[in-house]
J.: 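Quick one: structure below, then a few questions.
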Amino acid sequence: MHRQDVRTKEAEEERMEENNLLHFLDSPNAHYRRKCEEYVSAHDDEAHCDASDLANARERLEHLLKQPANKFCADCGTPDPKWAALPFGALICIKCSGTHRSLGVHISKVISVNLDEWTDEEVNCLAGSGGNATVNTRYEAFLPENFKKPRHDCTTEERCNFIRKKYEFQQFVTDPQFSCPLRLNTKHAPDKNQQQQNCSARHGFGHAFRNSWKRKDTDNKGLKKMTDVGMVEFVGLIKVDIRRGTNLAVRDVMSSDPYVMLNLGHQTMKTKVIKNTLNPVWNERLMLSIPHPVPPLKLQVFDKDTFSSDDRMGDVEVDIQPLIAAAREHESSAAIAASVEVTKLLASDDGTLARDSVISVVDGKVKQDIALRLQNVEHGELEIELECVPLSQ
């Protein structure tokens, strides 16, 4: 009995170690879902006793922000970080948030502590990840001894290189001297070829986690190319409220299933699909970082198709330079409490503005209402609202 108990204990320890290592190999989206589920399950019994103290997501978020490790950016150490990178659960500064956004929402979803409304699921993810201390223990587990983390005054290149290595390529989560991070049972270890086959077959990562310090030249070129994309200086943020479309073009038999795709530099986001309508109402807010130099904001409307490629329903470009200039002027001047019109852009018969567009300050926020005439299509208009948020906020 004693020998059997020992074997059972060893098997359990090995299973737990394997699960911990597999935790590193999760895709960001899988890790996000799992952490939320784990947190809800683990805290079911505590929900009632905490309800009076932490009544909602905002209060719970404020409680998490007070943890010592969360008072500094997880990536560069800047004090008082106001952004979060989900699904990793890291609190980061606004400069690092720009690089995280450039990774794409399929890798890092960036939300603001102050500017966004947090859901219970998002707070659960942040709490379940353990905060910056746990995040760095996990994603910086094997930082080389001579490797220097970026500081708040580092260059854009240094910041981008580190964040991509840390989160996208996850170079620091496994010991670089091992190609396969899972420990095999040495008592019954198969030959080397069998080990490699079993490792790849069971966990499906094969080459993905090979020695990241001995990458082939082609890998280094690919890394450099992707890093160059992220080496962008950001001058602020822009909120884009996609309100509605009017008299859009028919792309199905009688109607369309429209959605809007936004592009700003290398960033791409899209709205939800509204089924079977030519006058969709989205009322959906998307947020993008503003790169320098500032490119135009591109909007494309598509009809969602299930069995073929999505049909184009028009596109339009918006010059956001006037909005940014107004935001900078407002930031440098004394705060204006009342609403005031800053400037007006006049519509023309042959331009993209369907109506005059006003840039104004409303409750200290610099906004612009725009009605856009879609181009390269029979007809259709798009109504949006823009808000520029300077880096200082």
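Side-chain atoms are counted along with the backbone in the values below, which use heavy atoms only and exclude waters and symmetry mates.
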J.: Going through the checks in order, is the side chain to side chain donor-acceptor pair (under 3.5 Å) test met by S108 and H100?
T.: CA-CA 6 Å; S108 184; H100 277 265; 2.9 Å; yes
J.: Does E62 pair with R58 as a salt bridge, N-O distance under 4.0 Å?
T.: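 A salt bridge links E62 with R58.
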J.: Could you work out, with salt bridge (charged side-chain N to carboxylate O under 4.0 Å, His left out) as the rule, every residue matching E284, not counting sequence neighbours?
T.: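 Residues passing salt bridge (charged side-chain N to carboxylate O under 4.0 Å, His left out) with E284: none at all.
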J.: Using only atom types and a distance under 3.5 Å, with no angle test, would you say the side chain of S256 pairs donor to acceptor with the backbone of P258?
T.: no
J.: For residues C154 and R159, report the shortest heavy-atom separation together with the two atoms involved.
T.: SG-NH2, 3.6 Å
J.: Find out whether L86 and E122 are in side-chain contact, i.e. whether some heavy atom of one side chain is under 4.5 Å from a heavy atom of the other.
T.: yes
J.: Would you call E385 and K239 a salt bridge, taking side-chain N to carboxylate O under 4.0 Å as the test?
T.: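 Looking at E385 and K239, the cut-off is not met.
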J.: Same hydrophobic cluster for M269 and V273, using side-chain heavy-atom links shorter than 4.5 Å among ILVMFWY?
T.: no
J.: Determine all donor-acceptor pairs shorter than 3.5 Å in which one atom belongs to a side chain in residues 298-310; sequence neighbours excluded.
T.:
unit_1, atom_1, unit_2, atom_2, d
D303, OD1, D257, N, 2.6
D310, OD1, D305, N, 3.0
D310, OD2, Y259, OH, 2.6

J.: Work out which heavy atom in A326 is nearest to a heavy atom in V366; give both atom names and the distance.
T.: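 What the structure gives for the nearest pair is CB-CG1, 4.0 Å.
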J.: Verify side chain to side chain donor-acceptor pair (under 3.5 Å) between N136 and K166, making sure each step is shown before the conclusion.
T.: CA-CA 9 Å; N136 285 348; K166 178 178 178 179; 2.6 Å; yes
J.: Are L386 and L353 connected into the same hydrophobic cluster when the rule is that any two of I, L, V, M, F, W, Y join if their side-chain heavy atoms are below 4.5 Å apart?
T.: yes
J.: Taking the side chain as C-beta and beyond, is there a heavy-atom pair between R60 and D120 under 4.5 Å?
T.: yes
J.: Tell me every residue that passes salt bridge (charged side-chain N to carboxylate O under 4.0 Å, His left out) with E158, counting only those two or more places apart in sequence or in another chain.
T.: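 Salt bridge (charged side-chain N to carboxylate O under 4.0 Å, His left out) list for E158, sorted by chain: empty.
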J.: Evaluate I163 against C96 for side chain to side chain contact (heavy atoms under 4.5 Å, CB included), listing each step before the verdict.
T.: CA-CA 8 Å; I163 289 175; C96 289; 3.9 Å; yes
J.: Under 4.5 Å between side-chain heavy atoms, counting indirect links through other Ile/Leu/Val/Met/Phe/Trp/Tyr residues: same cluster for L126 and I111 or not?
T.: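 Yes, one cluster joins them.
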J.: For E341, does the CD atom sit with more than 12 other heavy atoms under 6.0 Å from it, leaving out its own atoms?
T.: yes
J.: Would you check if L288 and L237 make a side-chain contact, meaning some heavy-atom pair closer than 4.5 Å?
T.: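 Contact flag for L288/L237 side chains = no.
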J.: Not counting sequence neighbours, which residues clear salt bridge (charged side-chain N to carboxylate O under 4.0 Å, His left out) with D356? List them please.
T.: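 Here no residue qualifies.
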J.: Excluding sequence neighbours, so at least two apart, what forms side chain to side chain donor-acceptor pair (under 3.5 Å) with T246?
T.: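 With sequence neighbours excluded, T246 shows a side chain to side chain donor-acceptor pair (under 3.5 Å) to no residue whatsoever.
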J.: Give a yes or no on whether F147 and Y167 share a hydrophobic cluster (residues Ile, Leu, Val, Met, Phe, Trp, Tyr; joining criterion: side-chain heavy atoms under 4.5 Å apart).
T.: yes
J.: Please list, chain by chain and in numerical order, all residues satisfying side chain to side chain contact (heavy atoms under 4.5 Å, CB included) with S112, sequence neighbours excluded.
T.: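 For S112 the side chain to side chain contact (heavy atoms under 4.5 Å, CB included) partners, ignoring immediate neighbours, are W83, N114, L115, D116.
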J.: Side-chain contact test, heavy atoms from C-beta onward, threshold under 4.5 Å: evaluate it for L264 versus P295 and give yes or no.
T.: yes
J.: Is L374 close to L248 at the side-chain level, that is, under 4.5 Å between some pair of heavy atoms?
T.: yes
J.: Keeping N70 on the side-chain end and L64 on the backbone end, is there a donor-acceptor pair under 3.5 Å?
T.: yes
J.: Under 3.5 Å, is there a donor-acceptor pair between the side chain of N132 and the main chain of F72?
T.: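 Judged by distance alone, yes, a pair lies under 3.5 Å.
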J.: Return all side-chain donor-acceptor pairs below 3.5 angstrom for residues 376-384, not counting sequence neighbours, or 'none' if the list is empty.
T.:
unit_1, atom_1, unit_2, atom_2, d
N376, ND2, D315, OD1, 3.2
N376, ND2, D315, OD2, 3.2
E378, OE1, R251, NH2, 2.9
E378, OE2, R251, NH1, 3.1
H379, ND1, N247, O, 2.7
E383, OE1, R244, NH1, 2.9

J.: Starting from V250 and following side-chain heavy-atom contacts under 4.5 Å between hydrophobic residues (I, L, V, M, F, W, Y), which residues can be reached?
T.: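 Same cluster as V250: L278.
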J.: Could you measure the distance from the CD atom of Q368 to the OG atom of S360? Nearest 0.5 Å is fine.
T.: 9.0 Å
J.: Would a 4.5 Å heavy-atom cut-off, applied to side chains only, mark L262 and K270 as touching?
T.: no
J.: Which pairs with one or both residues in residues 288-297 pass salt bridge (charged side-chain N to carboxylate O under 4.0 Å, His left out), sequence neighbours excluded?
T.: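 Salt bridge (charged side-chain N to carboxylate O under 4.0 Å, His left out) check on residues 288-297 returns no pairs.
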J.: Can you run down the salt bridge (charged side-chain N to carboxylate O under 4.0 Å, His left out) pairs that involve residues 143-154, sequence neighbours left out, and say none if there aren't any?
T.: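 Every salt bridge (charged side-chain N to carboxylate O under 4.0 Å, His left out) pair that includes a residue of residues 143-154, provided the two are not neighbours, is E140-K149.
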J.: If the plane angle is over 60° it's perpendicular, under 30° parallel, otherwise tilted; pick one for F172 and F162.
T.: parallel
J.: Taking salt bridge (charged side-chain N to carboxylate O under 4.0 Å, His left out) as the definition, give me every residue that meets it alongside D80, ordered by chain and number, with sequence neighbours left out.
T.: K82
J.: What pairs with V294 under side chain to side chain contact (heavy atoms under 4.5 Å, CB included), at least two apart in sequence or on another chain?
T.: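 V294: side chain to side chain contact (heavy atoms under 4.5 Å, CB included) contacts with V235, I290, I320, Q321, I324.
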J.: Between V113 and L65, does the side chain to side chain contact (heavy atoms under 4.5 Å, CB included) criterion hold? Intermediate values first, please.
T.: CA-CA 9 Å; V113 170; L65 294 175; 3.4 Å; yes
J.: Quick one: are V240 and L297 in side-chain contact, heavy atoms under 4.5 Å?
T.: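 Touching, per the 4.5 Å side-chain cut-off.
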J.: Flag the pair I238 / V389 as yes when at least one side-chain heavy-atom distance between them is below 4.5 Å, and no otherwise.
T.: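 Contact flag for I238/V389 side chains = no.
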J.: Is the number of heavy atoms from other residues, nucleotides or ligands within 6.0 Å of CZ (R243) greater than 12?
T.: yes
J.: Does any N or O in the side chain of S357 come within less than 3.5 Å of the main-chain N or O of D369, such that one atom is a donor and the other an acceptor?
T.: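 Yes; at least one donor-acceptor contact below 3.5 Å.
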